[in-house]
Amino acid sequence: MAAPLPRLRFAPSPTGYLHVGGARTALFNWLYARKHGGQMLLRIEDTDKARSTDESTRAIFEGLTWLGLNWDETVVHQGANLERHRADANRMLENGTAYRCFCTQGELAQRRAAAEANKAAFKYDRRCDRLSELEIKLHVEHGKPFTVRFRVPNGTTSWDDLVHETIAFPNKDIEDFIVLRTDGTPIYNMAVVSDDIAMAITLVMRGDDHISNTPKQIMLYRALGAELPQFAHLPMIHGMDGKKLSKRHGATAVGDYQHLGILPSAMVNFLALLGWAPGNDIEIMTVQEMIELFDTKGLQKKAAIFDTKKLEWMNGQHLQLLPVDELVARVTPALVAVGLTTEADLASRRDWYLALLDLLKVRARTADDIVRQAAPYFLQSVEYDAEAVAKQWKDRSSTAIILRGVRDALAALPDWNSSAMEEALRALAEQLGFGDKAGRIFQPLRVALTGQSASPGIFDVLMILGRARSLARIEAAVALIEATP
RNA sequence: GGCGGUAUCGUCUAGGGGACUAGGACACGGCCCUCUCAAGGCUGGAACACGGGUUCGAAUCCCGUUACCGCUACCA
C-alpha cells in the first residue's frame with residue numbers, strides 16, 4: 001500500500017510584502033512536497049478585507065517566483081470560500097458541537113475588564129450555552145445578533161508535531177471560541193480548517209506562532225468529522241537583537257534582497273539553513289541537493305537569528321558556482337543600466353566579456369559588486385581615485401620614470417601576452433634598482449591603468465585592456481604627472 | 001496573570017548516555033600564498049543558561065528555576 005502523496009500549502013495573508021520568515025515557511029513546505037512527490041498549494045488568506053491588498057498578493061507571487069518556489073493547482077483565495085466556511089460553522093451548530101452566543105462585544109469587554117481587575121484569567125463563561133430552547137428561539141425570532149461559538153469538550157488535545165514532539169493542551173484552558181461573527185463571516189481558525197479540509201491538506205507546516213491555534217483547529221476537524229492532518233511548527237526568525245524580525249532590522253522582504261543583488265539560489269540556501277541542517281556539516285547546496293537532503297528530522301526548534309553577513313558570504317559562494325550564462329544574464333542588464341556598455345557591444349566581444357567576468361566575480365559577493373568594479377574596463381579614460389593617486393604616485397618624478405619605463409618596455413614587446421609582459425616588467429624593476437620588489441612598479445601602473453589601488457592581477461588587467469588602451473592610459477598618466485608640479 | 005514553546009561559541013549549527021580535551025560554517029585575529037584587492041589554505045580566541053536528580057557515566061534522559069518567544073480578539 002503506497003502512502004498517499006502529501007499535500008501541503010503555504011497560506012500567507014496579503015498584508016505586506018513577502019517576509020523572509022514567510023519565504024522560509026514556504027520553502028520548507030515546498031522542499032517537503034518536492035521531496036516526496038506531493039503537492040504544494042498556495043492559499044491567499046485575504047479574509048481581512050481592511051488589511052489585504054492586491055499589491056501584496058502580487059508581491060507574494062513575485063517573491064515566490066523569484067525564489068523558484070512554484071506551486072501546484074490554482075491559487076486559492078480564502079475570501080472566495082466564505083459560503084463554505086459559513087456552511088461548515090452551521091454544520092457544527094446542527095451537530096451540536098457549536099452554539100449561538102448572543103453576548104455583545106460590549107458585554108464581553110466589560111466582563112473581561114472585570115476579570116482582569118480581579119487578576120483572574122478571563123474565559124467565556126458559557127452563559128449562552130445554558131440558554132433554553134425557547135430563549136434561543138425568541139432571540140432568533142427577534143433578530144438578535146449572535147456569534148457561533150465552538151463548544152470546547154472536556155479532556156486534553158494533543159498531537160505529535162513533526163518538529164516538537166507531543167504537544168498537549170488541557171482543554172479547560174481553552175475557552176469556547178467564536179467561529180462565526182455576528183455578520184456571518186468566519187474567524188481565522190474556522191476559515192483555515194474549512195479550507196485545509198477542502199484542499200485535502202495532509203501536512204500543515206507553519207510558524208510556531210500557530211502552536212496555540214492548533215488545539216482549537218484539531219477540535220474543529222473533529223467536530224466536522226474530518227481526518228486530521230499532520231502538523232509541523234517551524235521556529236521563528238529573529239533580528240540580530242533577538243527580537244522578532246521587523247522593519248527596524250532593515251531589509252525583511254525577500255524583494256529587498258533581490259534588489260540588493262542577492263541570488264535566489266543563495267537566498268534559498270541561506271533560508272534553508274535557518275532552522276534546518278542536513279547534517280554532515282553541509283552548507284552550500286543547490287536547490288536539487290536541498291530537495292534530496294530535506295528531512296523534518298533536521299528541523300530546529302529554536303528561533304534563528306537572521307545574519308546578513310552570512311547571507312552575503314553565501315551569495316559570494318553561489319556567485320562562483322553560477323553557470324556563466326546565468327551570470328551574464330544577471331550582470332549584463334545592470335552594466336547596460338548604469339550606462340557602461342550596450343548589449344550589442346558585449347555580444348560583439350563575448351570572449352573578452354567572459355574573461356572580464358571571470359576576473360571580477362571572484363572579488364564580488366553580489367552581482368552589483370561586479371558592476372561596481374567594471375567601470376575601468378569599459379570607459380575610455382580612467383577616473384583616478386584620489387587616495388590611490390596620493391599613495392601610489394607620491395613621488396611624481398620617480399613615478400614618471402617608472403611609467404615611462406613600463407611604457408617603453410611594453411611597447412617594445414613583439415607579442416602582447418602576460419608571460420612576456422611579466423618578464424619584461426620584472427627585468428625593468430631590477431634595472432630600476434627595485435630588485436625583486438616588482439610591486440614598486442606594479443602599483444603605480446595599476447593606478448595608471450585602473451585609477452584604483454586594488455584590481456585583478458596586473459597582467460590580467462593589461463590583457464583585458466589590450467595593448468592600445470593600456471599604452472594610452474600609461475601615456476595619459478605620464479602626461480598628467482608631468483603637467484602637475 | 002494563565003497556557004504553550006524554546007535554551008550548545010557573538011551568529012547559523014553538529015551532537016540524540018561513553019567516540020567530547022564539544023566538531024563545522026559566518027564574523028573576528030594571526031600566518032601562508034602574493035604585484036594590490038579578493039579568493040584559497042593553515043591557524044587562534046570563542047559555547048553545552050542555572051540547580052537538582054537518574055546512571056558506573058549526561059551537552060544528550062527527568063524535575064525545578066531563570067531568561068526569551070508565542071497565544072490568551074467578533075486580527076490573521
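Proteins come first, then strands; the chains are lettered A, B, ... in the order of their sequence lines, and each starts at number 1. Treat the numbers as computed from the prediction; the structure is a model and nothing was measured.
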**Q** Quick one: what's the B/S/- string for nucleotides 6-24 of chain B, heavy-atom cutoff under 4.0 Å, read 5' to 3'?
**A** SSS--SBSS-B------BB

**Q** In whole Å, what separates the C1' atom of B:C28 from that of B:G10?
**A** 10 Å

**Q** For B:G17 versus B:C62, give the span between their P atoms, rounded off to a whole number of Å.
**A** 12 Å

**Q** Any N/O pairs under 3.5 Å between the protein and nucleotides 63-72 of chain B? List them or say none.
**A**
{"residue": "B:G70", "atom": "O2'", "partner": "A:Asp209", "partner atom": "O", "Å": "3.2"}
{"residue": "B:C71", "atom": "O4'", "partner": "A:Ser212", "partner atom": "OG", "Å": "3.0"}
{"residue": "B:C71", "atom": "O2'", "partner": "A:Ser212", "partner atom": "OG", "Å": "3.3"}

**Q** Show, in sequence, the C-alpha distance, side-chain angles and deciding distance for A:Asp196 and A:Arg43, and conclude whether the salt bridge (Lys or Arg N to Asp or Glu O under 4.0 Å) test is met.
**A** CA-CA 10 Å; A:Asp196 283 338; A:Arg43 179 171 75 227; 2.7 Å; yes

**Q** Where do A:Tyr99 and A:Asp176 land on the side-chain hydrogen bond (donor to acceptor under 3.5 Å, both in side chains) test, with the steps shown first?
**A** CA-CA 9 Å; A:Tyr99 58 93; A:Asp176 285 356; 2.6 Å; yes

**Q** Of A:Ala121 and A:Leu108, whose nearest nucleotide on RNA chain B comes first from the 5' end?
**A** A:Ala121

**Q** Sort out the partner of B:G64 for me: Watson-Crick or G-U wobble, both distances under 3.5 Å, none otherwise.
**A**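 Across any shown strand, B:G64 pairs with B:C50.
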
**Q** Does the plane of the ring in A:Phe102 sit parallel, tilted or perpendicular to the ring in A:His139? Use 30° and 60° as the thresholds.
**A** tilted

**Q** Need the pair for B:C20. Rule: Watson-Crick or G-U wobble, both distances under 3.5 Å, any strand; none if unpaired.
**A**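 Base-paired to nothing in any strand shown.
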
**Q** Which residue lies toward the 5' end of RNA chain B, A:Lys119 or A:Arg149, if each is placed at its nearest nucleotide?
**A** A:Lys119

**Q** B:G45 pairs with which nucleotide, Watson-Crick or G-U wobble, both distances below 3.5 Å?
**A**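 Here B:G45 is not engaged in any pair, so there is no nucleotide opposite it.
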
**Q** Is the distance between the ring centroids of A:Phe270 and A:His318 under 6.0 Å?
**A**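 A:Phe270 vs A:His318: aromatic centres not under 6.0 Å.
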
**Q** Please state the C1' separation for the pair B:A46 and B:U11 - nearest whole angstrom.
**A** 12 Å

**Q** Using the C1' atoms only, state how far B:A47 lies from B:A14, rounded to an integer number of Å.
**A**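 Comparing C1' positions in B:A14 and B:A47 gives a spacing of 13 Å.
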
**Q** Can a side-chain donor-acceptor contact be found between A:Asp183 and A:Thr185 if the only test is distance below 3.5 angstrom?
**A** yes

**Q** Using atom P in both nucleotides, what's the gap between B:C63 and B:C74 to the nearest angstrom?
**A** 34 Å

**Q** Identify the nucleotide, in any strand shown, that forms a Watson-Crick or G-U wobble pair with B:G70, with both distances under 3.5 Å; if there is none, say none.
**A** B:C3

**Q** Which word best sums up how the rings of A:Tyr257 and A:Phe306 line up, parallel for under 30°, tilted for 30 to 60°, or perpendicular for over 60°?
**A** tilted

**Q** Under 6.0 Å between ring centres: does that hold for A:Tyr353 and A:Tyr377?
**A** no

**Q** Determine whether A:Ser56 and A:Arg51 satisfy the following criterion, side-chain hydrogen bond (donor to acceptor under 3.5 Å, both in side chains), listing intermediate values before the conclusion.
**A** CA-CA 10 Å; A:Ser56 34; A:Arg51 291 195 296 155; over 6 Å; no

**Q** Suppose you measure atom C1' in B:C9 against the same atom in B:C26; what distance do you get, rounded to whole Å?
**A** 12 Å

**Q** Would you check, one step at a time, whether the test side-chain hydrogen bond (donor to acceptor under 3.5 Å, both in side chains) holds for A:Thr47 with A:His85?
**A** CA-CA 11 Å; A:Thr47 51; A:His85 301 153; over 6 Å; no

**Q** Classify the side-chain pair A:Ser398/A:Arg440 by whether it contains a donor and acceptor separated by less than 3.5 Å.
**A**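 No, A:Arg440 and A:Ser398 have no side-chain donor paired with an acceptor closer than 3.5 Å.
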
**Q** What is the per-nucleotide protein-contact pattern of nucleotides 30-40 of chain B, from the 5' end, where B denotes a base atom under 4.0 Å from a protein heavy atom, S denotes such proximity for sugar-phosphate atoms only, and - denotes neither?
**A** -----BBBBSS

